[in-house]
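Just so it is clear, the model here is predicted, and its values are computed rather than measured. Both counts, for ligands and for their atoms, begin at 1 and track the order of listing.
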Amino acid sequence: MSLTIRGYAAQNATTPLAPHNFTRRDPRPDDVVIDILYCGVCHSDLHQARDEWHNSIFPMVPGHEIIGKVSAVGQAVTAFKAGDMVGVGCMVDSCQHCASCAEDLEQYCDEGATWTYNALDRRDGMPTYGGYSERIVVSHKFVVRVPEKLDPKTAAPLLCAGITTYSPLRHWKVGKGTKVAVVGLGGLGHMGLKFAKAMGAEVALFTRSPGKEAEARRLGADQVILSTDPEQMKAVAEHFDIVLDTVPNEHDINPYVATLKRDGTHILVGLLGPLDPALHTVPLLLKRRAVVGSAIGGIKETQEMLDFCAEKGITCDTEIIPIQQINTAYERMLKSDVHYRFVIDMATL
Ligand code: NAP
Ligand code: ZN
């Protein structure tokens with residue numbers, strides 16, 4: 001007997017999301033069944049619902065910033081019990097035996113991680129469906145504990161926007177005195193500012209939107225640079241150790257690379273696709289600069305990030321919406337009109 005679930009789905013790349021019933025598998029021995037309370041709205045949801053990455057499986061139930069309460073567990077599960085407040089992010093499974101999985105880097109699984117939606121379950125081959133729904137069934141290895149100190153409403157976006165910015169800042173050893181600039185003040189960007197600040201960095205924001213300055217300062221920026229103003233860009237030439245680039249679309253990264261010091265690193269987490277205009281290599285060679293990418297974070301690090309947030313009192317700035325407003329939320333996201341993450345209250349389903 002599989003579970004019938006209510007949710008919201010995209011039926012194809014061009015029609016708005018709408019109510020959709022579907023089934024989830026019978027819980028396996030290692031599964032946790034979660035009643036979803038809140039689900040954040042990531043720009044990746046929009047990219048995939050509109051098939052912008054050309055790999056969409058329809059119907060698609062997006063959502064990978066999931067917070068809910070455990071309602072049941074399989075007999076092999078000991079770490080969770082009914083009533084626990086838990087989270088699920090972008091992955092629901094991985095091979096569990098490759099070198100990356102052995103290092104708690106399931107997102108880089110050699111055989112490919114199983115994504116929370118728009119993927120096929122590696123054990124039964126059935127499509128995975130995400131958090132814009134009332135309930136999810138997930139292997140306990142891909143469930144994290146939400147510390148009591150965190151409010152579930154504001155914690156949901158930590159499961160993707162949070163870990164995607166936390167992980168590279170840790171990997172590239174951001175600490176006291178590191179000069180970090182975040183590009184783009186949206187869901188990921190606002191968490192990048194908060195984390196970089198909490199790690200002791202000097203923090204700047206590059207934005208193309210005039211009028212975000214006061215907000216950016218409130219969120220942790222010591223400096224705000226309007227990226228469309230060549231004079232402001234010139235004033236920070238060779239200034240930063242790290243540029244964390246969250247821009248979702250094609251954009252010219254050459255002007256940002258010029259703001260890196262010798263040995264500085266431009267980390268791409270937003271764009272999935274070729275750079276256009278192309279990257280000029282001379283400024284890399286002459287200053288030993290690096291342009292790198294980073295994908296979310298492993299499950300162990302996601303737990304560490306949640307615990308860090310609880311300890312430091314870090315939350316996401318969210319706008320709670322009923323699920324019926326999801327299509328409007330997508331349109332507002334495209335206009336950079338997000339402050340700074342939409343979160344769906346699943347009770348409205
Ligand atoms: P978002 O909330 O829409 O924020 C993106 C921000 O980038 C905007 O607020 C805007 O900030 C800036 N921006 C947007 N379009 C731009 C353009 N054409 N040129 C320059 N700046 C632009 O998006 P998000 O949810 O933070 O996601 C950002 C990207 O990260 C998405 O592409 C998403 O798919 C990707 N992502 C990657 C990972 C990963 O593992 N690497 C994980 C999650 C998401 P300003 O107005 O301040 O300029
Ligand atoms: Zn995401």
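- Among protein heavy atoms, atom 40 (O) of ligand 1 sits closest to I296 N, 2.8 Å.
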Q.
Is there a salt bridge (Lys or Arg N to Asp or Glu O under 4.0 Å) between D31 and R25? Walk through the geometry before answering.
A. CA-CA 10 Å; D31 272 339; R25 64 172 178 257; 2.9 Å; yes

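- Protein heavy atom at the shortest distance from atom 10 (C) of ligand 1 is S336 OG, 3.4 Å.
- The closest protein non-hydrogen atom to atom 11 (O) of ligand 1 is L185 N, 3.2 Å.
- A donor-acceptor contact shorter than 3.5 Å is absent between the side chain of T114 and the backbone of S94.
- Not a single donor-acceptor pair under 3.5 Å links the side chain of K179 to the backbone N or O of V203.
- Which of H251, R208, H339 comes nearest to atom 16 (C) of ligand 1 through a heavy atom is settled by distance: it is R208.
- Note: Y256 and H251 have perpendicular aromatic rings, judged against thresholds of 30 and 60 degrees for the angle between ring planes.
- The cluster map of Ile, Leu, Val, Met, Phe, Trp and Tyr, joined by side-chain heavy atoms under 4.5 Å apart, puts V88 and I323 in the same cluster.
- Side chains of V269 and D245 form no contact here, defined as non-hydrogen atoms less than 4.5 Å apart.
- Distances below 4.0 Å separate heavy atoms of R341 from the following atoms of ligand 1: 24 (P), 25 (O).
- Within the 3.5 Å criterion, the main-chain N or O of I321 finds no donor-acceptor partner in the side chain of Q325.
- Nearest non-hydrogen protein atom to atom 43 (C) of ligand 1 is C160 SG, 3.2 Å.
- When distances to the Zn ion (ligand 2) are checked against a cut-off of 2.8 Å, C90 contributes no N, O or S atom below that limit.
- Between L272 and ligand 1, no N or O atom pair is found at a separation short of 3.5 Å.
- Those atoms of ligand 1 with a heavy atom of G184 less than 4.0 angstrom away are 7 (O), 11 (O), 12 (C), 47 (O).
- Here the protein heavy atom with the shortest distance to atom 19 (N) of ligand 1 is V247 CG1, 3.6 Å.
- Remark: ligand 1 atoms within the under-4.0 Å shell around heavy atoms of W53 are 34 (O).
- Under the 4.5 Å side-chain contact rule for hydrophobic residues, I344 and F22 share a cluster.
- Residue F342 does not touch ligand 1, judged by heavy-atom distances below 4.0 Å.
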Q | Stepwise side-chain contact (heavy atoms from CB on, under 4.5 Å) test for I67 and I36 | A | CA-CA 6 Å; I67 297 247; I36 301 174; over 6 Å; no

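- Protein heavy atom closest to atom 37 (C) of ligand 1, with residue, atom name and distance, is V269 O, 2.8 Å.
- Within the coordination shell of the Zn ion (ligand 2), defined by N, O or S atoms under 2.8 Å, H43 is absent.
- For the pair T246 and ligand 1, a heavy-atom separation below 4.0 Å is found.
- Neither the backbone nor the side chain of A161 comes within 4.0 Å of ligand 1, counting heavy atoms alone.
- Atom CG in D241 sits 9.0 Å away from atom CD in E202 (nearest 0.5 Å).
- A distance of 6.0 Å or more separates the ring centres of Y129 and Y117.
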Q: Using the side-chain contact (heavy atoms from CB on, under 4.5 Å) rule, take V70 and V33 through it: C-alpha gap first, then chi angles, then the decisive distance, then the call.
A: CA-CA 6 Å; V70 174; V33 183; over 6 Å; no

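- Interface of H43 with ligand 1, defined as ligand atoms under 4.0 Å from a residue heavy atom, comprises 1 (P), 3 (O), 23 (O), 24 (P), 25 (O), 27 (O), 31 (C).
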Q.
One pair to check against salt bridge (Lys or Arg N to Asp or Glu O under 4.0 Å): R123 and D30. What are the steps and the verdict?
A. CA-CA 12 Å; R123 298 190 230 176; D30 64 326; 2.9 Å; yes

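- Rounded to the nearest 0.5 Å, atoms CZ (R50) and CG (L17) are 9.0 Å apart.
- Taking only non-hydrogen atoms, the option from G186, A216, P210 nearest to atom 6 (C) of ligand 1 is G186.
- If you look at Q107 next to ligand 1, there are no close heavy atoms at all, none under 4.0 Å.
- When non-hydrogen atoms are compared, ligand 1 lies under 4.0 Å from the side chain of N249 (C-beta onward) but not from its backbone.
- Scanning all protein heavy atoms for the shortest distance to atom 7 (O) of ligand 1 gives P248 CD, 3.5 Å.
- A side-chain donor-acceptor contact under 3.5 Å links N12 and T15.
- Any N or O atom pair closer than 3.5 Å counts here, and Y340 shares no such pair with ligand 1.
- Atom 45 (P) of ligand 1 has its nearest heavy-atom neighbour, among H64, M191, K212, in K212.
- For ligand 1, the polar-atom distance check against E250 finds no nitrogen or oxygen pair separated by under 3.5 Å.
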Q: Show your reasoning for whether salt bridge (Lys or Arg N to Asp or Glu O under 4.0 Å) applies to D222 and R217.
A: CA-CA 6 Å; D222 302 298; R217 287 186 188 276; over 6 Å; no

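- Annotation: atom 47 (O) of ligand 1 to nearest protein heavy atom, T207 OG1, 2.6 Å.
- The residue from G189, P168, C90, G270 that puts a heavy atom closest to atom 35 (C) of ligand 1 is G270.
- Taking every heavy atom of C42 and a limit of under 4.0 angstrom, the matching atoms of ligand 1 come to 43 (C), 44 (C).
- Which parts of ligand 1 touch T164 is read off a 4.0 Å heavy-atom cut-off, strictly below it: atoms 38 (C), 39 (C), 40 (O), 41 (N), 42 (C), 43 (C).
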